[in-house]
Trainee: 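Sharing a structure here in structure tokens format.
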Amino acid sequence: MSEEFDQRETQPDSATEGDYSISRRDIAAILYAVDAGDQAKLIELTEPLHAADIADFLEQLNPYDRRRLVQLYGREFDGEILSELEEGLREEIISVLHPDVLAEAVRELESDDVVDLVEDLDEPQQEAILDALEDSDRVAVEQALAYPETSAGRLMQREVVVAPDHWTVGEAIDFLRNAEELPEQFYHVVLVDPRMHPVGNVTLGKLMSSRRNVRLTEIVEDVFQVIPVLQDEADVAYAFNQYHLISAPVVDEDDRLVGVITIDDAMTVLDEEHEEDILRLAGVGDEASLTDTIFEAAKGRALWLFVNLLTAILASLVIDVFADTINQMVALAVLMPIVASMGGNAGTQTMTVAVRALATRDLTAQNALRVVLRELSVGALNGLIFGGTMALVVAFWFQVPMLALVIGLAMLCTQIAAALGGIVIPMALDRAGIDPALASGPFVTTVTDVVGFFAFLGLAASVLI
């Protein structure tokens, strides 16, 4: 049995209201069933669980227990689990599944989930999944894979409920009742003209609450957005968030309907964008995960650690210029880390706000000057507050009034520089087509360190020595 769960933080014995994780008692029971090879018990325990919870559970297991659990599932393995797994583990799970089990599991998925599953796999595993699909489904998936990786074409599902724009409510309801196959979940009926151009959306609520003789065009939604098939998925997610969309039709270059994107897929993209920004701000790569090998984790972090090393050397060269000044007053060496630390934190705060604002398009060319002036004012105010506070501390600490003045002014200059660098550097990188979340950190750190050390030591050399 896996020892990983024995070392985890204590959890309640049973799931409580609002707790969406698997309880410790259930974890132990599932692993016991795996150890005993009891498939019936395993299915009984996991059947009430959502596929996302089972995927999280598999991600926490060690490879040995994970392989045994998947093998014990047999034909009862739910294809939804594959779509919920981290990308790094999908290949491992697929390699464990028997081809017949994999085929059955994949057939249960919507086309967009199959595309999401296939696109990150090696070619042999891609073929294994494509071979498991019906011919029509395979064609749909292969067509989606032909679109650029981050486009709407990769995100959409082909299963769409369509009605001619001249139909009435009664005709649409009769069609839905008699249809042999409908998407497992859908929110709208998409109205199209004779050329298959989408002209409106009708919600299921409006459809069911309207009289049979009402024309569908009379109950279309007020907000109607059409997504070009080549539109970047980040722009798709922005449109869903901005206009509160539930689903939106996707059109090709001739404005013909080719698919639909639903809110769950758009929000997944939005979550991934946020996650990438956080990881890139930390300089650990946008695909870092706890399932990475030691080598992969080290490789993903090495580049920006090297960049940070270079910037640290640059800051050290500034310090070296004032080596004689530091030798004549040891207190300067004691106080330098305070100036650098305050500047670094202030720069990171401003940079984080700027990167987030750029990602959500709240920071634009139209309001850039106002935002820069705002951040400069914030930096100046904080510089006055904390510079004055530190000046009082140094005055009592070292009993040297001019040293107190020097550190107060240095912290003011550093806070202003941190605010300016934290907002301008991400904007400049974004304008240059470089991801500000990935590249801003080292540059902002360099600005705050160099300005902080130069201001503090330069003022000290001029005033005190």
Side-chain angles (χ1 to χ4, degrees), residues 82-88 90-91 94 106 109-130 133 136-160 183 190 196-198 225-243 245 247-280 285-289 300 355 358-361 429-439:
L82 290 174
S83 63
E84 298 288 350
L85 283 169
E86 286 187 5
E87 293 176 4
R90 288 177 181 173
E91 292 188 30
I94 289 172
V106 170
L109 300 177
E110 301 284 359
S111 59
D112 58 325
D113 292 328
V114 178
V115 172
D116 181 55
L117 179 63
V118 168
E119 62 185 354
D120 297 311
L121 298 176
D122 293 334
E123 188 172 342
Q125 290 184 316
Q126 286 187 350
E127 283 300 320
I129 290 178
L130 292 175
L133 299 173
S136 59
D137 293 333
R138 174 168 183 150
V139 170
V141 171
E142 288 178 335
Q143 287 176 343
L145 290 172
Y147 293 114
E149 185 175 355
T150 60
S151 66
R154 288 285 189 97
L155 200 60
M156 70 180 181
Q157 66 181 53
R158 293 281 181 156
E159 299 84 5
V160 190
V190 181
M196 283 301 289
H197 296 169
Q225 291 286 324
V226 175
I227 307 294
V229 73
L230 296 179
Q231 189 171 71
D232 188 86
E233 62 180 17
D235 295 330
V236 174
Y238 174 82
F240 268 76
N241 191 50
Q242 180 75 2
Y243 304 113
L245 304 179
S247 70
V250 181
V251 296
D252 62 15
E253 294 83 352
D254 298 320
D255 292 331
R256 291 177 303 197
L257 181 69
V258 292
V260 65
I261 295 176
T262 54
I263 188 171
D264 56 329
D265 294 315
M267 292 304 100
T268 296
V269 172
L270 201 61
D271 287 342
E272 289 173 352
E273 291 288 322
H274 292 167
E275 182 179 314
E276 286 179 6
D277 287 346
I278 293 171
L279 291 172
R280 287 175 174 177
D286 57 6
E287 295 183 358
S289 111
V355 169
L358 287 168
T360 58
R361 306 182 189 184
L429 291 171
D430 184 64
R431 182 64 61 89
I434 302 172
D435 189 346
L438 183 61

Trainee: Under 3.5 Å, side chain of Asp254 to main-chain N/O of Arg256, donor-acceptor pair present?
Mentor: no
Trainee: According to side-chain hydrogen bond (donor to acceptor under 3.5 Å, both in side chains), who are the partners of Gln143, at least two apart in sequence or on a separate chain?
Mentor: Arg158
Trainee: Val236 and Gln231: which non-hydrogen atoms are nearest, and at how many Å?
Mentor: CG2-OE1, 3.6 Å
Trainee: Mind checking whether Val114 and Leu117 have side chains closer than 4.5 Å, heavy atoms only?
Mentor: no
Trainee: For Glu233 versus Glu149, what's the shortest heavy-atom pair and its separation?
Mentor: OE1-O, 4.4 Å
Trainee: The criterion is side chain to side chain contact (heavy atoms under 4.5 Å, CB included); which residues satisfy it with Ala248, sequence neighbours excluded?
Mentor: Ile227, Phe240, Leu245
Trainee: Nearest 0.5 angstrom please: Met267 CE to Thr262 OG1, how far?
Mentor: 10.0 Å
Trainee: Would you say that Val160 contacts Pro249 through its side chain, given a criterion of any heavy-atom pair below 4.5 Å between the two side chains?
Mentor: no
Trainee: Less than 4.5 Å apart, any side-chain heavy atom of Glu253 and any of Leu230?
Mentor: yes
Trainee: If you measure from CG on Leu82 to CG on Asp113, what distance do you get to the nearest 0.5 Å?
Mentor: 10.5 Å
Trainee: Taking all non-hydrogen atoms of both residues into account, name the closest pair between Pro198 and Asp255 and its distance.
Mentor: CD-O, 3.6 Å
Trainee: In the structure I gave you, are the side-chain heavy atoms of Val269 and Leu155 within less than 4.5 Å of one another anywhere?
Mentor: yes
Trainee: Going by heavy atoms in the side chains, are Ser151 and Val229 under 4.5 Å from each other?
Mentor: no
Trainee: Give me the atom names and distance for the closest heavy-atom approach of Thr268 to Asp264.
Mentor: OG1-O, 2.8 Å
Trainee: So, for Gln157 and Pro183, which heavy atoms are closest and what is the spacing to 0.1 Å?
Mentor: NE2-CB, 4.2 Å
Trainee: Please list, chain by chain and in numerical order, all residues satisfying side chain to side chain contact (heavy atoms under 4.5 Å, CB included) with Val115, sequence neighbours excluded.
Mentor: Glu119, Val141, Ala144, Leu145, Arg154
